[in-house]
Amino acid sequence: DLIIYQRNSQFLQAIRENDEFITKMNKRSIRNPIVNNGKRQRNPIITELAKILVEYKCQYSDRNIFKMPNGKYYVEAHHIILFGAENGPDITENMVVIGPEPHTLIHHAAKEEVDNTYRCLVDKGAIKYEQFNKMHEIYGCISENHVHILFDRKVINSQQRDALVSKIRNVT
């Protein structure tokens, strides 16, 4: 409740400045996934943390979308490696925070429009190789298949793909 509903500006700032807290919450999400009727569920705390980290701004448009009646700005968290279809990890490093239009576009538009949206997010620094490297080094939750998905999505280049695959193979 503190993270999702009852927060003030000091609390939000403390979260943004505490990398260790975010890391612990991500590790907790990996170790203790929410399962309902045998199906893995998204963790609303992780989603909210991703939004807090970017101050509820759309990383695609670099702006607040609109203010809701509760005073928060509306944004959506999108799993870069899809949570369901691609078994993507439910951690902040696997999320980008965007408005409803680019989020819908990513899920429903023609491939070239989806590619352009991801390219824009990479160009703006919303998606970076470092976050996927961290998914391997800190969380151990990225597979070779995930790396190939990221490459096919054009959010990492061939050098980055090869480096990640090499790191994953050296651990296993």
Short side-chain to backbone donor-acceptor contact, [X] and [Y], under 3.5 Å:
| X | Y | value |
| --- | --- | --- |
| Thr117 | Glu113 | yes |
| Glu137 | Lys134 | no |
| Asn26 | Thr92 | yes |
| Glu55 | Leu53 | no |
| Asn94 | Ile81 | yes |
| Arg153 | Ile80 | yes |

Could you pull out every donor-acceptor pair under 3.5 Å between side chains of residues 125-132 and any protein atom, sequence neighbours left out?
unit_1, atom_1, unit_2, atom_2, d
Gln131, OE1, Lys128, N, 2.7
Gln131, NE2, Glu93, O, 2.7

Are the charged groups of [X] and [Y] less than 4.0 angstrom apart, N to O?
| X | Y | value |
| --- | --- | --- |
| Asp123 | Arg119 | no |
| Arg42 | Asp90 | no |
| Lys124 | Asp62 | yes |
| Lys51 | Glu76 | no |

Looking at OG of Ser143 and CD1 of Ile168, how far apart are the two atoms once the value is rounded to the nearest 0.5 Å?
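Reported to 0.5 Å precision, the distance equals 6.5 Å.
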To the nearest 0.5 Å, how far apart are CD1 in Ile22 and CE in Met25?
8.0 Å
Do [X] and [Y] have side chains that approach each other closer than 4.5 Å (heavy atoms only, starting at C-beta)?
| X | Y | value |
| --- | --- | --- |
| Ile45 | Leu49 | yes |
| Ile142 | Leu150 | yes |
| Ile98 | Ile106 | yes |
| His148 | Arg161 | yes |
| Ser166 | Arg169 | no |
| Ile91 | Cys141 | yes |
| Cys120 | Tyr60 | yes |
| Glu86 | Asn145 | no |

Where do Lys57 and Val75 land on the side chain to side chain contact (heavy atoms under 4.5 Å, CB included) test, with the steps shown first?
CA-CA 7 Å; Lys57 281 190 180 171; Val75 284; 5.9 Å; no
Go through the steps for Met95 and Ile46 under the test side chain to side chain contact (heavy atoms under 4.5 Å, CB included), then give the verdict.
CA-CA 9 Å; Met95 292 185 180; Ile46 297 299; 3.8 Å; yes
Heavy atoms of other groups near [X] [atom1], more than 12 under 6.0 Å:
| X | atom1 | answer |
| --- | --- | --- |
| Gln41 | CD | yes |
| Arg28 | CZ | no |
| Glu17 | CD | yes |

Which pair of heavy atoms, one from [X] and one from [Y], lies closest together, and at what distance?
| X | Y | value |
| --- | --- | --- |
| Pro100 | Ile65 | CD-CG2, 4.3 Å |
| Val147 | Leu164 | CG2-CB, 3.9 Å |
| Pro89 | Arg40 | CA-NH1, 4.4 Å |

ring-ring contact (aromatic ring centres under 6.0 Å, His included): which pairs involve residues 74-124, sequence neighbours left out?
Phe66-Tyr74, His78-His103, His78-His107, His79-Phe83, His103-His107
Using the side-chain hydrogen bond (donor to acceptor under 3.5 Å, both in side chains) rule, pick out the option among Lys67, Lys72, Glu48 that qualifies with Tyr56.
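By the side-chain hydrogen bond (donor to acceptor under 3.5 Å, both in side chains) criterion, Tyr56 pairs with just one of Lys67, Lys72, Glu48: Glu48.
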